[in-house]
Q: 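Below you will find the structure I want to go over with you.
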Amino acid sequence: MPELFGHTRAHVGARHALLTPANHVNSRVPGVTGATAVVLVSPAMGAKVAQTLLTFESGGSAQIAASDTETFGYVMEGGAAVSVADRSRRLKAGGFFFCPAGSDWSLAAPKKGTRVTLFQKKYAPLRGAKAPGPILGDQSRVKGTPFLGDPAANLQVLLPDEPAFDMAVNVFAYQPGGHLPFVEVHIMEHGLVMLSGEGVYRLEDSWYPVRAGDAIWMGPYCAQWFVAMGKVPARYLYYKDVNRAPL
Ligand code: UGY
Ligand code: MN
């Protein structure tokens, strides 16, 4: 439903942010051509992660050189050929890749309208742990588990739960009425995009109705809670920094 002129559901605060598709303004990302790029979460708002939505035209591509940044990409719609270091695969909706720091990645031959969400951060190496390698995967092949035993809240963990990884990316799927079991307050930050459905997100002391396409940043210690509303399941993809000491 379009919003009335001069009104927005968006909010950008010190510890959390909500951006809706109605707020999107494109920016240019070096190495990406034939695509729009919307940077939804970034250090400019206080985050340590960047979350970017890329939408490709049919001739578009991405060629990203190796650096100290690691990248997780998730195909939300469409499909494209993705290469990470020496591995390549055609990914369709639900496909994902992880490119470790120090490797390059590319995307080519996208279907028109292919949408990819990227989470990118500077890798924090862990002494004694071998750095992570490249990953190309598919969400449909990842087993889900009921979150804290609740079958109405299903969690799929897309990246290996190993100390070398300093980021986690998961998909949460809630049945209508399903909810987080308690209000979480934790040091880890989240970048998040609603993949489908709708619900209400509590962020600190505010409650936001949210739906597919909305993006959220939750900074460290942002109180957070979600309940799925409506007639269909609600699903979101989210990033979390993990496995590193606070000091
Ligand atoms: O992994 C998490 O911290 C997750 N339960 N948080 C969230 O969905 N807001
Ligand atoms: Mn959380």
Side-chain angles (χ1 to χ4, degrees), residues 21 32 35-38 40-41 49-58 60-62 64 70-85 87-100 105-121 132-147 151-162 165 167-176 178 190-199 210-216 226 228 230-240 242:
V32 177
T36 60
V38 183
L40 295 158
V41 173
V49 63
Q51 178 179 335
T52 303
L53 174 65
L54 301 176
T55 306
F56 288 90
E57 295 155 21
S58 49
S61 68
I64 309 298
E70 59 190 343
T71 299
F72 176 95
Y74 179 91
V75 180
M76 303 175 60
E77 195 178 325
V82 174
S83 297
V84 181
R87 300 199 192 173
S88 303
R89 193 189 290 184
R90 187 144 186 107
L91 300 182
K92 55 183 176 26
F96 62 86
F97 68 91
F98 173 77
C99 177
W105 66 271
S106 65
L107 181 151
K111 268 207 224 162
K112 183 178 163 44
T114 293
R115 291 190 303 136
V116 179
T117 285
L118 302 180
F119 295 114
Q120 295 177 295
K121 78 180 284 291
I135 295 174
L136 288 159
D138 196 309
Q139 187 201 330
S140 64
R141 300 176 75 92
V142 178
K143 196 173 169 303
T145 49
F147 185 60
N154 192 269
L155 189 69
Q156 285 172 289
V157 176
L158 303 186
L159 288 176
D161 183 13
E162 292 168 8
F165 284 82
M167 71 154 81
V169 180
N170 307 331
V171 175
F172 232 133
Y174 298 83
Q175 296 305 313
H190 292 315
L192 180 155
V193 59
M194 292 292 298
L195 297 174
S196 59
E198 51 196 26
V210 293
R211 63 182 171 218
D214 289 348
I216 292 173
F226 178 73
K231 305 267 187 261
V232 297
R235 296 187 312 125
Y236 58 72
L237 173 78
Y238 73 101
Y239 155 94
K240 183 175 184 174
V242 292

Q: Go through the steps to decide whether Met76 and Val193 satisfy the test side chain to side chain contact (heavy atoms under 4.5 Å, CB included), and finish with yes or no.
A: CA-CA 10 Å; Met76 303 175 60; Val193 59; 4.0 Å; yes
Q: With sequence neighbours excluded, tell me which residues meet side chain to side chain donor-acceptor pair (under 3.5 Å) with Ser83.
A: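 Ser83: side chain to side chain donor-acceptor pair (under 3.5 Å) contacts with Ser88.
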Q: Side-chain contact, heavy-atom cut-off 4.5 Å: Thr71 with Trp105?
A: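 The answer is yes, as the side chains (C-beta and beyond) meet within the 4.5 Å cut-off.
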Q: If you take all heavy atoms of Arg87 and Pro134, which pair is closest and at what distance?
A: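 Closest heavy-atom pair between Arg87 and Pro134: NH1-O, 3.4 Å.
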Q: Starting at OG1 of Thr55, measure out to NZ of Lys112 and round the result to the nearest 0.5 Å.
A: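 Interatomic distance, Thr55 OG1 to Lys112 NZ, rounded to 0.5 Å: 10.5 Å.
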Q: Side-chain contact test, heavy atoms from C-beta onward, threshold under 4.5 Å: evaluate it for Leu158 versus Phe98 and give yes or no.
A: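 Side chain of Leu158 against side chain of Phe98, heavy atoms only: no contact under 4.5 Å found.
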Q: Locate the shortest heavy-atom distance separating Gly73 from Leu118; write the atom from each residue and the value.
A: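 Closest approach of Gly73 to Leu118: CA-CD2, 3.9 Å.
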Q: Given the side-chain rings of Phe172 and Phe147, with only the six-membered ring counted for Trp, is the space between their centroids under 6.0 Å?
A: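 Aromatic pair counts; centres sit under 6.0 Å.
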Q: Apply side chain to side chain contact (heavy atoms under 4.5 Å, CB included) to Lys111 and list each qualifying residue two or more places apart in sequence or on a separate chain.
A: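 Scan of Lys111 (side chain to side chain contact (heavy atoms under 4.5 Å, CB included), adjacent residues dropped) gives Arg90, Thr114.
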Q: Could you grab the distance from atom CD of Gln139 to atom OH of Tyr74, nearest 0.5 Å is fine?
A: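 Rounded to the nearest 0.5 Å, the CD-OH separation comes to 3.5 Å.
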Q: Of the non-hydrogen atoms in Leu40 and Ala215, which two are nearest, and what is the gap between them?
A: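 Looking at all heavy atoms of both residues, the closest pair is CD1-CB, 3.9 Å.
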Q: I'd like to check Cys99 versus Ile64 (side-chain heavy atoms, cut-off strictly below 4.5 Å). Are they in contact?
A: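 The answer is no, as the side chains (C-beta and beyond) never meet within the 4.5 Å cut-off.
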Q: Which atom names give the shortest non-hydrogen contact between Pro233 and Gln175, and what distance separates them?
A: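 Reported closest heavy-atom pair: CG-OE1, 4.0 Å.
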Q: Any side-chain heavy atom of Asp214 sitting closer than 4.5 Å to one from Glu198?
A: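 No, side chains not in contact.
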Q: Donor-acceptor pair, Gln156 side chain versus Val171 backbone, under 3.5 Å?
A: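 Answer holds: no.
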Q: Can you list the residues that meet the side chain to side chain donor-acceptor pair (under 3.5 Å) rule with Asn170, with sequence neighbours excluded?
A: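 With neighbours one apart ignored, the set is Tyr238.
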Q: Restricting to side chain to side chain contact (heavy atoms under 4.5 Å, CB included), what partner residues turn up for Val242, sequence neighbours left out?
A: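 In terms of side chain to side chain contact (heavy atoms under 4.5 Å, CB included), with neighbours along the sequence ignored, Val242 is linked to Ala168, Lys240.
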Q: With heavy-atom distances below 4.5 Å as the criterion, would you say the side chains of Phe72 and Tyr239 are in contact?
A: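 Answer no - side chains too far apart.
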Q: With sequence neighbours left out, write down each residue that passes side chain to side chain donor-acceptor pair (under 3.5 Å) with Tyr236, or none if nothing qualifies.
A: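 For Tyr236, the residues satisfying side chain to side chain donor-acceptor pair (under 3.5 Å) (neighbours in sequence not counted) are Tyr174, Tyr201.
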Q: Could you check whether any side-chain N or O of Gln51 sits under 3.5 Å from a backbone N or O of Leu192, counting only pairs where one atom can act as donor and the other as acceptor?
A: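 Yes, Gln51 side chain to Leu192 backbone: donor-acceptor pair under 3.5 Å.
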Q: Can you see which heavy atom on Pro21 is nearest to which on Ala212, and at what distance?
A: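 So the minimum-distance heavy-atom pair works out to CG-O, 4.5 Å.
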Q: Side-chain contact test, heavy atoms from C-beta onward, threshold under 4.5 Å: evaluate it for Leu237 versus Val169 and give yes or no.
A: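 Yes, close enough: below the 4.5 Å cut-off.
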Q: Working note: His190 + Ile216, criterion side chain to side chain contact (heavy atoms under 4.5 Å, CB included); need CA distance, chi angles, decisive distance, verdict.
A: CA-CA 8 Å; His190 292 315; Ile216 292 173; over 6 Å; no
Q: For the pair Val142 and Val157, evaluate side chain to side chain contact (heavy atoms under 4.5 Å, CB included) and give the outcome as yes or no after the intermediate values.
A: CA-CA 7 Å; Val142 178; Val157 176; 5.6 Å; no
Q: Using side chain to side chain donor-acceptor pair (under 3.5 Å) as the criterion, list what pairs up with Ser61, not counting sequence neighbours.
A: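 With neighbours one apart ignored, the set is Thr33.
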Q: Of Leu136, Val116, Val75, which meets side-chain contact (heavy atoms from CB on, under 4.5 Å) against Val82?
A: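 That would be Leu136; it is the only one of Leu136, Val116, Val75 passing the side-chain contact (heavy atoms from CB on, under 4.5 Å) with Val82.
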Q: Minimum heavy-atom separation for Arg235 to Ala173, with atom names?
A: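 Residues Arg235 and Ala173, closest heavy atoms: CG-CB, 3.7 Å.
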Q: Could you tell me which residues satisfy side chain to side chain contact (heavy atoms under 4.5 Å, CB included) with Pro146, sequence neighbours excluded, listed by chain and number?
A: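 Partners of Pro146 by the side chain to side chain contact (heavy atoms under 4.5 Å, CB included) criterion come out as none, since no residue qualifies.
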Q: In chain order, what residues pass the side chain to side chain contact (heavy atoms under 4.5 Å, CB included) check against Glu77, with sequence neighbours excluded?
A: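 Counting only residues at least two positions away or on another chain, Glu77 forms a side chain to side chain contact (heavy atoms under 4.5 Å, CB included) with Arg115.
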